Amino acid sequence: MAAISLMQMAENLNGKNLDARTINGIPFRGVWNWNGGKGSSRGARFPWCKDLKFVDPPGQVSALASFPGSGNTWLRYLLQQVTGYHTGSVYKDFALMKNGFPAESISNGSVIIVKTHEYGEQMRAPFSRAILIIRDPYQAILAEFNRQSGGHIGHAQPDKYSKDNGKYWSTFVHNKALSWTNTYLDWLQFKGPLHVLFYEDLVENLANEMNKILEFLDFHEDIPSFECMMRNKDGIYKRRKRNLSFNPYSQSMRDLIDYCKKTVDSAIKAYFSNNSDMETYVNSLNLTRLSEAALETKGKPEIKGVKLAR
């Protein structure tokens, strides 16, 4: 049988509806069985393409950086499926630890990648390379609001948006919009190898984007594992879409988020134009308009990384 490259396979698999329980008709192994026993209460049961293990000997410490709500946990799941290696985190989320991510809180080279939402030079320092996931802030902020209100796969109730006469949601949007901006302006200054990944591309073209990620991580996997990942691409932490019957973003919120998007977009373009000194570029940005938009949304906040007009 002629060999097929991962890229060719990615093109063949995109959009195909594959049986989630077999590889070429053969049931695959997992940390847990597909179905739990009667009366089981140990959490979600789902298959792994292969038994998970640690990287031995340990390799590079690789960051999986993003603003919350940008698909970080989903990508960790996909990487565990296709590589068979644990992914880690700088956090210790017990729900994740019990349901698919036993290496949660491990942040060294024994895991293939380490989840982080932190930013700042000290937070970047432990990593030798990084994948940066960027999601549209309108969707990422909503996803994080849903997570904080309804858990990893739940949704915020509609009345949550009007809590305290809307001040709760307004403050949340204000803080998260600036945090979204700071996250990406900071990580684009990362000194080591950096792979920029757009969440929307991952959703629309999963196989091709995963192929690029594996190449970046210097990981060469067998075809059955890649096919298995595609069969099991959703996992249990990919939140189902639920449309609101109203637009939660006011005009002042949209003004702030749009300017945040414009600011980060300019930095991304500078990065891809091979700007050798992103630190100088970011420091040269005029954030006065961003400050004004932020003040229009909520008073005079103190947010690390963005200098606000006084």
Side-chain angles (χ1 to χ4, degrees), residues 3-34 44-56 58-66 70-89 96 99-104 106 109-116 129-133 193 195-238:
I4 182 173
S5 69
L6 279 179
M7 184 63 76
Q8 289 173 313
M9 181 180 61
E11 293 172 354
N12 292 336
L13 288 175
N14 264 325
K16 288 192 175 181
N17 184 18
L18 302 173
D19 178 13
R21 299 197 184 194
T22 63
I23 302 174
N24 298 325
I26 303 173
F28 46 75
R29 299 169 293 151
V31 175
W32 301 287
N33 294 325
W34 178 273
R45 307 279 176 155
F46 54 93
W48 291 112
C49 299
K50 56 179 71 175
D51 293 334
L52 295 179
K53 60 185 178 181
F54 289 100
V55 179
D56 186 22
Q60 298 186 58
V61 183
S62 305
L64 183 58
S66 71
S70 300
N72 198 306
T73 300
W74 180 40
L75 183 51
R76 286 178 66 189
Y77 165 81
L78 293 171
L79 285 170
Q80 289 188 169
Q81 287 287 29
V82 73
T83 68
Y85 288 110
H86 290 292
T87 64
S89 174
L96 295 181
N99 294 283
F101 301 93
E104 182 79 3
I106 294 177
S110 68
V111 291
I112 194 170
I113 207 157
V114 179
K115 170 183 177 178
T116 182
R129 60 184 175 183
I131 294 174
L132 181 63
I133 314 174
H195 178 73
V196 177
L197 169 68
F198 294 97
Y199 172 84
E200 292 76 12
D201 289 341
L202 187 65
V203 172
E204 295 175 7
N205 207 352
L206 177 61
N208 287 337
E209 293 302 320
M210 286 302 298
N211 184 57
K212 295 175 186 176
I213 291 168
L214 292 174
E215 289 182 358
F216 177 77
L217 294 174
D218 299 319
F219 192 89
H220 306 287
E221 186 49 89
D222 57 281
I223 291 173
S225 295
F226 200 97
E227 292 175 339
C228 177
M229 177 201 70
M230 291 298 295
R231 290 184 178 99
N232 297 275
K233 61 185 179 181
D234 285 343
I236 63 170
Y237 289 114
K238 191 165 182 258

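Quick note: residue numbers are just sequence positions, from 1. What you see is a predicted model; the values in this text were computed from it and never measured.
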> Tell me which pairs pass salt bridge (charged side-chain N to carboxylate O under 4.0 Å, His left out) where either residue lies in residues 78-87, with sequence neighbours left out.
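Not a single pair qualifies under salt bridge (charged side-chain N to carboxylate O under 4.0 Å, His left out).
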
> Can you list the steps and then say if Glu215 with Lys212 is a salt bridge (Lys or Arg N to Asp or Glu O under 4.0 Å)?
CA-CA 5 Å; Glu215 289 182 358; Lys212 295 175 186 176; over 6 Å; no

> Nearest 0.5 angstrom please: Ser66 OG to Leu132 CG, how far?
8.0 Å

> Working to the nearest 0.5 angstrom, can you tell me the gap between Asn208 CG and Leu202 CG?
11.0 Å

> Calculate, to the nearest 0.5 Å, the distance between atoms CD and OH belonging to Glu204 and Tyr199 respectively.
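Atom-to-atom, Glu204:CD and Tyr199:OH are 10.5 Å apart.
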
> Does the plane of the ring in Phe54 sit parallel, tilted or perpendicular to the ring in His86? Use 30° and 60° as the thresholds.
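Tilted, since the angle between the ring planes falls between 30° and 60°.
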
> For the backbone of Cys228 and the side chain of Asn232, can you confirm whether one donor and one acceptor N or O come within less than 3.5 Å of each other?
yes

> Residues two or more places apart in sequence or in another chain: which of them pass side-chain contact (heavy atoms from CB on, under 4.5 Å) with Gln60?
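So Gln60 forms a side-chain contact (heavy atoms from CB on, under 4.5 Å) with Ser62, Ser128, Arg129, Asp218.
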
> Can you see which heavy atom on Pro58 is nearest to which on Ser110, and at what distance?
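So the minimum-distance heavy-atom pair works out to CB-N, 3.9 Å.
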
> Mind checking what makes side-chain contact (heavy atoms from CB on, under 4.5 Å) contact with Val55, not counting sequence neighbours?
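Once residues adjacent in sequence are excluded, the partners of Val55 under the side-chain contact (heavy atoms from CB on, under 4.5 Å) criterion are Tyr85.
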
> Taking the side chain as everything from C-beta on, heavy atoms only, tell me whether Ile213 gets closer than 4.5 Å to Leu78.
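Not touching, per the 4.5 Å side-chain cut-off.
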
> Out of curiosity, Ile113 CD1 to Gln80 CD, how far, rounded to the nearest 0.5 Å?
11.0 Å

> Do you know which two heavy atoms are closest between Cys49 and Gln81, and how far apart they sit?
N-OE1, 2.8 Å

> Have Lys115 and Thr87 got a donor and an acceptor in their side chains that come within less than 3.5 Å?
no

> Starting at CH2 of Trp74, measure out to NZ of Lys233 and round the result to the nearest 0.5 Å.
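Output value for this atom pair is 8.0 Å.
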
> How long is the span from the CD1 atom in Ile112 to the NZ atom in Lys53, to the nearest 0.5 Å?
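So the CD1 of Ile112 and the NZ of Lys53 are separated by 10.5 Å.
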
> Is there a side-chain contact between Met210 and Leu79, using heavy atoms and a 4.5 Å cut-off?
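SC-SC contact between Met210 and Leu79 confirmed.
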
> Compare every heavy atom of Thr116 with every heavy atom of Asn72, then report the nearest pair and how far apart it is.
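Taking every non-hydrogen atom into account, ND2-O, 3.9 Å.
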
